Amino acid sequence: MTMAHCTTRSLIWCAVTGLAGGGALSLLGLAAPWAGAPLGAAAGAAFAVALGGNRSGPGSGLIWGLAWAVLLWLAGPVGVVAWREGPAADPRAALPHLVGFILCLGAPLGLVLGALGHARRDEAGGAAHSLARAVVVGALAGLAGGMCFSGSGDLPAIAIGSSVAAGALHLAVSAALGVGFGVLFQHDVRALGSHLGWGLAYGLLWWFLGRLTLLPLAEGVVAVDGLWSAKEMTAAFPALVGHVVFGLVLGLVYAALDRLWVGFFHDSDPLNRRAEGPGTHGTLTLGWGAGAGLAGGLAFAPVMSATGILPYVAELVGGHAAGTGMAVHLALAALLGVGYGALYRREAPDIAAAVGWGLLYGLIWWFLGTLTLLPLLTDQHHVEWTAVDAAAALPALVGHLIYGAITGLVFRALERRYHARHAVDPRWAAIEARRLRPHGTPAPALWVFALVLGVVLPVLLG
Amino acid sequence: MTPRLHHATAGASAGLVAALLPLVSGVAPVLAVGLGLAAGAGVALIVDRARTGAGERAATGASLGLGLWALVHVIAPALASGALAPWTATAVAARIPALAGWMLWGAAVGLLLPLARALVAKLAGPEALPDAAPACTPVRIVILGGGFAGVATATHLERRFGGDPAVELVLVSDSNALLFTPMLAEVAGGSLEAPHISTPLRTSLRRTDVVRGAATAVAVETRTLTVATGDGGVLTLRYDHLVLALGAVSNFLGLTGVERESLDFKTLADAVRIRDHVIDRFERADDESDAQRRRALTTMVVAGGGFAGVELAGALNDFARGMLAWYPGIARDEVRVVLVHSRDRILPELSEQLGAYARERMAARGVEFRLGVRLTDARPGVVVLGDGSELAAATLVWTAGTAPNPLLRTLPVERDKRGAVLVDATLAIPGHAGLWAVGDCAAVPDLLNPGATCPPTAQFAIREAARLAANLHAVVEGRSTRPFRFKPLGVLCVVGHHTACAEIRGRRFSGLFAWFLWRGIYLSKLPGFERKLRVAIDWAVELFFPRDLVSTTVVPAPVEPPMLTAAAPAPAAPATATARS
């Protein structure tokens, strides 16, 4: 336990924040009037105790807070109700509580605890953190994400005047969200893969905060059963996928531009050059990724076969036979595995992390692939993102999760074997130790938040 | 208790306690308890102990709990029933309470693990630490020579011994990089940048101590060697096993005039010197008004018709003729590249047919041949041939003879007539325990051709090194050694722009296809991805831009204007090995 690291100040602040959040839940009717505030205070204090040593900025705290909210929701409205009502319990009835826990407890607690912490001073590449970089790169990445999201047709209803004005407002908001992403998460993201994960979580958060809360409030909806009802959330499902896609594009573009920035302004300076390995790691990871992806694809193959989706996949190359579909599936699996290698190298310090990142990668490709690209590239030629379609694609979600976990595990095994051989050189071992994602980052919280919501929401809203 | 068992027991204990949570959420008791125990042990084994934060452990455990839920409540029922019925939204939604149970179980296991480990340590004792390695002097393997054989030996030894502290590896080399000699002619011909075909020893060897210097003496009885490290410094190294991988040096066959007037072609500095020398002579020729002197300045003689000589002649021919556009004072027919070879055909390593093809293609591009005649002497600006004729040439490059490193003559070991050290089939020097030899300086019996020795080529050197490393590993581990046996794959030779000859496993190739083969195969063999990329970029740039004319070294001016004299043919010098070290 880390009680020793939890200061009295953070304990008090978190308890107060929890008190306020719990009180808000009571006011919204999501908790009993006598229970909301005290339980909220207790949750806040427990949060401060559990996370005592993991304070490194508002962004890091936010992710921990979101994960805490999800676990509280599982323990409380879902777990307690299931215990009381048994098999008859309907988890959909707990959906408003999910939103309430995230927005009233998790996010505020995380931001407060993170603000009380200290920003991590060094990055993987040694470049100092920079507000200018966060703002400029974040804005550009937000614009890129906003351009992809606008395809969902779910632009802000408060836009006035012409569609040009609506579009401009949408892009302005996207840019602002991108700046927020950069400011909050510059400290925590390392490889491109983690940027994707953080982007996904950020997109989900803004679905809860923006689409489900602020937008209806602006339209005059004030009752919880109008704001956060299962019906309203189902109607907003297309926007959920849109926000996820926005987050993924935001994360990836941010990562690419950020690396360019750091590379140009910092790493290229001869004074900052460090001893490097033989220069083959990047190329080798692509090979490992392909092999790992193939292994994941083979594990996914029975699901593909059983769901009868192979002929549909074959349409990507103009074919119709299941055999063609299987070949395309395995080729795609290897290709996506290459992507995993490029995005997630050095992100898994242990097997648990490999499983976590792998599951997340599988989830990402379910949103991007099954729900977005496959309809776009086959006979449908357009994307709808309805909850019904998502529910019908649940077997694919399971398959993607299997694929991701296997890919992550196999990739880590291959990466570790290479490192073990080269670690006989203490200089190289020190370089790799510096580059590997350290423990103590909010990555586990990201897995909890993104994976639970990514799995639960399509199930409950479908 | 071993560490693994310790962790697993702690995890199982924590998993059992936390099994209450899935029980409460409606999971069957047998499943909750049994899986809680087993999965708890698994979680403890795969979550790094370095995750010290409670929140971090809880979140990691919760994530694994989601995976466990998916496996047990979603995937397993489908596998058991043989259908995907459980994968509808309604069916999965009914399992959400179980998701809550297992995720909270995972979080609880993460929180309880340190407590469980402490409890197990208290009840069953602390985890057993691995036995400390007994203190002893490590076995030291010293490799002399940083060429193909030496570096390959070191690389394979690193792979075999890994991080074993009981073995020390030392490599002594007079250069700090491994030179990829097949591409040396391309450096001399301006196609490639010099550093791009060398790989630094320090970046390619993981845990071998690299000593920059030249071995000057070996005391076999005391197992020590003396290394001159430059600036008068001397180092004495002890060894348990000594690998001689000293390669070969140029053999001028006693021709002191040739040795004095010619340029060598063994090292990177030699290739750069040749290129800069040619550029310098062309610069002078462009301003030279006397036609005879101008012609001499633009005449290049390459002695030796083997692979090195032919490739160099082809490269210099392309380079020299390619830069004429910037030297308007030099006429095209004034440029001469002459290949002198003692036999009646070039490239004796290839078939007669391919050798003839190479000669025909090179002649078509302007290379002249003097076959069946030796180079017997050289004066400033003049090359004397064995038939009495003389060539006025300001550039002479010697590739006509090599001999093993002269250090070998100081060792009390048997050598063949070439001067190479005699070794047995396991690459050990007979009668001298701990002494080994590999590569160009060793006479390795060719078991596939009884009575013959393996040719001194890079292809053989690299494979001999692999076998030697395996045998050294076996000796250190107390196992028996195995003989070296290798069937050559083939040979490749580039003779000019888009033109090469190749014989691979008995099949012959020539022309553009062989040239692609040459570039592709040698690019793949060039050590280091970064080097491959640099060479590929150099070749790509060459497609669009002319070769660089920048001279990076100061070339001494010709001693005297080149003049031909009507001298009598010099007698053939005895073939004694006067090697320039």
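Remember, it's a predicted structure, so these values are computed and weren't measured experimentally.
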Residues A/Asp350, B/Ile46; criterion side-chain contact (heavy atoms from CB on, under 4.5 Å); working and verdict: CA-CA 6 Å; A/Asp350 57 12; B/Ile46 68 173; over 6 Å; no
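- Within the 4.5 angstrom heavy-atom criterion, atoms from both the backbone and the side chain of B/Ile96 approach chain A.
- The contact between A/Ile402 and chain B is made entirely by side chain atoms (from C-beta outward), counting heavy-atom distances below 4.5 Å.
- When heavy atoms are compared at a cutoff of 4.5 Å, A/Val452 approaches chain B by way of both its backbone and its side chain.
- Residue B/Leu533 does not touch chain A at all, counting heavy-atom pairs closer than 4.5 Å.
- In this structure, B/Glu56 and A/Gly440 approach most closely via the heavy-atom pair OE2-N, 2.8 Å.
- By number of non-hydrogen pairs under 4.5 angstrom with chain B, the leading residue of A/Trp447, A/Trp68, A/Phe449 is A/Trp447.
- In this structure, CG in A/Leu451 is found 10.0 Å from CG in B/Leu99, a value given to the nearest 0.5 Å.
- For the pair A/Ala352 and B/Leu64, the tightest heavy-atom approach, listed with the atom from each and the gap, is CB-CD1, 3.9 Å.
- Using a 4.5 Å cut-off between heavy atoms, B/Trp102 makes no contact with chain A at all.
- No other option in A/Leu74, A/Leu461, A/Leu460 has as many heavy-atom pairs under 4.5 Å with chain B as A/Leu74.
- Between A/Pro444 and B/Ser63, the closest heavy-atom pair is O-OG, 3.7 Å.
- When heavy atoms are compared at a cutoff of 4.5 Å, B/Arg531 does not approach chain A at all.
- With a threshold of 4.5 angstrom between heavy atoms, A/Ala75 approaches chain B through its backbone and through its side chain.
- Environment of CG in B/Leu115: sparse, with no more than 12 heavy atoms of neighbouring residues, nucleotides or ligands closer than 6.0 Å.
- Closest of all the heavy-atom pairs between A/Ala391 and B/Ala89 is CB-CB, 3.8 Å.
- Contact tally against chain A (heavy-atom pairs below 4.5 Å) for B/Leu104, B/Thr90, B/Leu21, B/Leu71: the top residue is B/Leu104.
- Contacts between A/Val448 and chain B at a heavy-atom distance below 4.5 Å involve backbone atoms as well as side-chain atoms.
- Taking a 6.0 Å sphere around CZ of B/Arg202, one finds it holds 12 or fewer heavy atoms contributed by other residues, nucleotides or ligands.
- Neither the backbone nor the side chain of A/Leu401 comes within less than 4.5 Å of any heavy atom in chain B.
- Contact annotation for A/Ala353: both backbone and side-chain heavy atoms come within less than 4.5 Å of a heavy atom of chain B.
- Pairing each heavy atom of B/Gly55 with each of A/Trp64, the nearest pair is O-CZ3, 3.4 Å.
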